[in-house]
Amino acid sequence: MRYDLVIFDNDGVLVDSEPISNRLLAGYLTELGHPTSYEDSLRDYMGGAMHRVHDLVLERTGRRLPEDFDDVFHGRVFAAFERELEPVPGAVGVLEKLTADGVAYCVASSGSHERIRVGHRKAGLDRWFDDRRIFSSQDVGRGKPAPDLFLHAAGRMGVAPERCAVIEDSLLGVQAAVAAGMDVYGFTAMTPAAKLAGATRLFADMGELADLLAG
């Protein structure tokens with residue numbers, strides 16, 4: 001394989017959480033007097049850290065979200081995860097292939113450490129990711145589209161940026177990977193290919209990824 005480290009985004013790449021979380025985010029913002037559709041949420045917030053939600057709402061309305069916004073939202077998300085969350089089809093096969101080939105991998109997500117772990121446990125991915133393989137925007141000062149999180153993950157894993165491949169499904173994530181000087185593979189299962197045009201390569205089926213990384 002041509003890479004020494006594969007860095008996975010989490011939501012929408014490893015766990016099929018984007019439809020769940022964006023549906024709930026749109027509903028909660030609307031409930032608080034900030035009308036937001038599911039499509040609005042995908043466009044504005046998919047791939048971003050929670051501070052992006054706070055920043056955009058304040059910028060657009062001049063109003064701050066409640067202090068307990070994150071706690072209430074995550075409580076709703078975690079409850080929905082317990083009912084609905086599944087791994088992205090093909091994700092386990094990719095992890096099996098990387099492990100068999102001895103290629104290092106990790107996850108670098110805009111979500112919190114708690115969100116990553118809750119999702120992995122419910123989706124059955126926790127056995128693939130110990131604490132040394134999990135990185136969150138909580139670990140750095142700026143979330144995606146800044147490159148900080150990916151650079152932090154690569155540094156902790158001991159791999160130079162140019163030897164890393166990032167697997168992303170959001171525009172913010174692709175921008176972050178490009179800014180970090182890494183190749184990025186854009187997963188188009190939920191995101192129109194045109195929005196991920198800055199990616200090194202685009203693919204629609206997670207089952208194709210291992211061969212693309214080796215090609």
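Side-chain atoms are counted along with the backbone in the values below, which use heavy atoms only and exclude waters and symmetry mates.
A salt bridge is absent between D183 and R201: the closest approach of a Lys/Arg side-chain nitrogen to an acidic carboxylate oxygen does not fall below 4.0 angstrom. Ion pairing between R121 and D126 fails under the 4.0 Å rule for side-chain N and carboxylate O. With respect to the salt-bridge test (charged N to carboxylate O, under 4.0 angstrom), the residues R76 and E31 qualify. By the 4.0 Å N-to-carboxylate-O rule, R117 lies close enough to D131 to be salt-bridged with it. Ion pairing between D44 and R60 holds under the 4.0 Å rule for side-chain N and carboxylate O. Contact check on R43 versus D40 returns a salt bridge, with a Lys/Arg side-chain nitrogen under 4.0 Å from an Asp/Glu carboxylate oxygen.
Taken to the nearest 0.5 Å, the CG atom of D11 stands 5.0 Å off from the OG atom of S109. Note: D16 CG to M190 CE = 7.5 Å, rounded to the nearest 0.5 Å. Rounding to the nearest 0.5 Å places NZ of K195 at 9.0 Å from CE of M46. Annotation: the span from C106 atom SG to L5 atom CG amounts to 4.5 Å, rounded to 0.5 Å. Taken to the nearest 0.5 Å, the NE2 atom of H54 stands 10.0 Å off from the CZ atom of R64. To the nearest 0.5 Å, atoms CD (E84) and CD1 (I20) are separated by 4.5 Å.
Closest non-hydrogen pair, M206 versus P89, comes out as CB-O, 3.2 Å. Here the closest heavy-atom approach between residue S137 and residue G143 is recorded as CB-CA, 4.4 Å. Of all the heavy atoms in L151 and P161, the pair that sits closest is CD2-CG, 3.8 Å. Nearest approach of R52 to G48, heavy atoms of both residues: CD-CA, 4.2 Å. Closest of all the heavy-atom pairs between V57 and T61 is O-OG1, 2.7 Å. Pairing each heavy atom of A49 with each of S110, the nearest pair is N-CB, 3.6 Å.
Using cut-offs of 30° and 60° for the angle between ring planes, the Y28 and F73 rings count as parallel. H152 and F135 have perpendicular rings, their planes meeting at more than 60° on a 0 to 90° scale where under 30° would count as parallel.
Put simply, the side chain of S17 reaches to within 4.5 Å of the side chain of F81, judged on heavy atoms. Taking the side chain as every heavy atom from C-beta outward, L65 and H34 approach each other to under 4.5 Å. Looking only at side-chain heavy atoms (C-beta outward), N10 and V15 come within less than 4.5 Å of each other. The side-chain heavy atoms of F187 and L202, taken from C-beta on, include no pair separated by under 4.5 Å. In this structure, K144 and E168 have side chains that are in contact, with non-hydrogen atoms separated by less than 4.5 Å.
At distances below 3.5 Å, at least one donor-acceptor pair connects side-chain atoms of T30 with backbone N or O atoms of T36. Using a distance-only test at 3.5 Å, with no hydrogens or angles considered, no donor-acceptor pair links the side chain of R133 to the main chain of V107. A side-chain donor-acceptor contact under 3.5 Å links K122 to the backbone of L85. A side-chain donor-acceptor contact under 3.5 Å links Q138 to the backbone of H113. Using modelled atom types, one side-chain atom of D205 and one backbone atom of G207 make a donor-acceptor pair closer than 3.5 Å. Between the side chain of T191 and the main chain of S170, no donor-acceptor pair closer than 3.5 Å is present.
In this structure, L149 is not a member of the same hydrophobic cluster as Y45, with clusters built from ILVMFWY side-chain heavy atoms closer than 4.5 Å. Using a 4.5 Å cut-off between side-chain heavy atoms of Ile, Leu, Val, Met, Phe, Trp and Tyr, with links allowed through other members, W128 and L213 fall into the same hydrophobic cluster. Residues L196 and V13 fall into different hydrophobic clusters, defined by Ile, Leu, Val, Met, Phe, Trp and Tyr side chains chained together at heavy-atom separations under 4.5 Å. F203 and M182 are members of different hydrophobic clusters when ILVMFWY side chains are connected at heavy-atom separations under 4.5 Å. Hydrophobic clustering places L209 together with V92 (ILVMFWY residues linked when any side-chain heavy atoms are closer than 4.5 Å, directly or through intermediates).
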Starting from the C-alpha separation in whole Å, work towards a yes-or-no answer on side chain to side chain contact (heavy atoms under 4.5 Å, CB included) for V53 and F69. CA-CA 10 Å; V53 182; F69 179 87; 4.1 Å; yes
Stepwise side chain to side chain contact (heavy atoms under 4.5 Å, CB included) test for V6 and I167: CA-CA 7 Å; V6 179; I167 317 303; 3.8 Å; yes
Under the side chain to side chain contact (heavy atoms under 4.5 Å, CB included) rule, what do L98 and F8 come out as? Steps first, then yes or no, please. CA-CA 12 Å; L98 293 175; F8 291 93; 3.8 Å; yes
Begin from the C-alpha positions of Y185 and E208 and carry the test side chain to side chain contact (heavy atoms under 4.5 Å, CB included) through to its verdict. CA-CA 11 Å; Y185 290 72; E208 303 171 0; over 6 Å; no
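For the pair R115 and F78, the cation does not sit on the ring face, since its NZ or CZ is not both under 6.0 Å from the ring centre and inside 45° of the axis.
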